[in-house]
Amino acid sequence: LKSASFSAFRRTGVALATGLAAMPIAYAFVRFVERALYPTPNPAVIIWSDRSAFIFRAATAAYVGGAAAFGAFAVAARSEARADSVLRAVLVASAIAMLITAAWLP
Amino acid sequence: VKLAPAIAMAALLFARAAQADGDSRARAKEAFERGESEVHALAFDRALASYKEAIAIDPSASTAGLARTRVGELESHSEGGFAPLVALERVRRSPSSTRAEVDALGAAAPGFPAGRVRAEAELVVGEALWHRFDDRASARVALERAVEDEGADRLTRSLALNELCGLFREGDDLPSAERAVDRFGDLAPALRTEIRRLARRARFRVTSAYFLAALGLVALALAARAVVKLGLDAARTRLVRSFDLALALYLGGGASLLVRARGEGDTRPFLWLGLGVLAVAIAGRTIGLSSTRPAARAARAIVCIVGVLAVAFLSIERTDASFLASVGL
């Protein structure tokens, strides 16, 4: 039982970590879509920008990250080793996404 | 003093010239107004002569520009000695023309000489039959003749194509609209793009609906077999997982909260998405119960992915299809 609890705890941790790591990727994607599809300012974004366009992008990225956490949990339930591999890959992609965001999609 | 007679003579000449100029302006205006009255009375041949007279009397009069436009318009509608234009204008100027009058114009129009009036008459007949008399079949015939009339001007044919596609869309006949824009799309490129997009969307809708219906039927059959084999409680435990419920709640509820936080967006697509994903997940688990072989698992994964895409498409398309336009659907 102790081992099972630990395993469930670890799966949840891996899932949360994957979700958090996915957020910068989602943020970069949202920013890219904004720049590619709305080269002129999107009226909705302008209206929202009275509050903060950044917060909306961050909230969207957080939502996508949450969905990624569910996916990672499902993977971890089948194979923790595979979930670890996925987490590593997502972390690398996340680092690249952050670099791209900082350099080209501020 | 010596120059006084010369100055007086010059003043007299200027006065005469001004008087002559004023006379010609008045006569030009009178000819122009006569032309307008004759147009009103459907006497187009006489109106054409009056407008030309107005221009000849004083080409620089304030009415000359308009007179030239009128001449151009009348000359471009003069086929058949203005008889077709008279027949057209009798119906066009009467918003309450009877069905018999519209039918008479519709019957006469194909016999008009080639030119602009023929297609304009077909367009007027088509619009009246559709909007006023709700006779779509006859309207379609008239509008198709207007679109196909190569002697007509491009604008009239383009308007007729717009009307024809509107008629098809109102009758949910997108394949016919797509055939029309495929054949005559050069007349209205924007309309062609729009109709093709709508046709693509309709094909996606039908495919998604059939796919989900088939998936639902297979899942129901497999679920019934699982209930028989395992019993109701065991089957329910294996098919309805709390993880799937949590995911559905997150997808639907989380996105709805996000939409609400942003403004007055429509939350329905996301609520349907959550429910749809839950249904696909349960269907996937019923399929998973039937076989655990790697090939079967891969097939199940593909079915579930396609199912989620179908659900996502239908959730948007059935609630607020305007979202789809931004991704070309």
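Within every chain, numbering begins at 1; the chains are lettered A, B, ... in the order of the sequence lines, protein sequences first and strands thereafter.
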Is A77(A) close to chain B through its backbone or its side chain, or both, or neither, when contacts mean heavy atoms under 4.5 Å? neither

Whether Y63(A) side chain and L251(B) backbone form a donor-acceptor pair below 3.5 Å: yes

Rounded to the nearest 0.5 Å, what's the gap from CG on L247(B) to CZ on F73(A)? Could you check? 12.0 Å

Taking atom CZ as the centre, does R136(B) end up with more than 12 heavy-atom neighbours from other residues, nucleotides or ligands that are less than 6.0 angstrom away? yes

Atom CZ of R132(B) with >12 non-hydrogen neighbours under 6.0 angstrom: yes

Shortest non-hydrogen contact from L258(B) to T60(A)? CD2-CA, 3.8 Å

Considering non-hydrogen atoms only, spot the tightest contact between F70(A) and F243(B) and give its length. O-CZ, 3.1 Å

Looking at G71(A), G66(A), A74(A), which one has more heavy-atom pairs under 4.5 Å with chain B than the rest? G66(A)

CZ of F29(A): more than 12 outside heavy atoms within 6.0 angstrom? no

So does F32(A) have more than 12 non-hydrogen atoms from other groups sitting under 6.0 Å from CZ? no

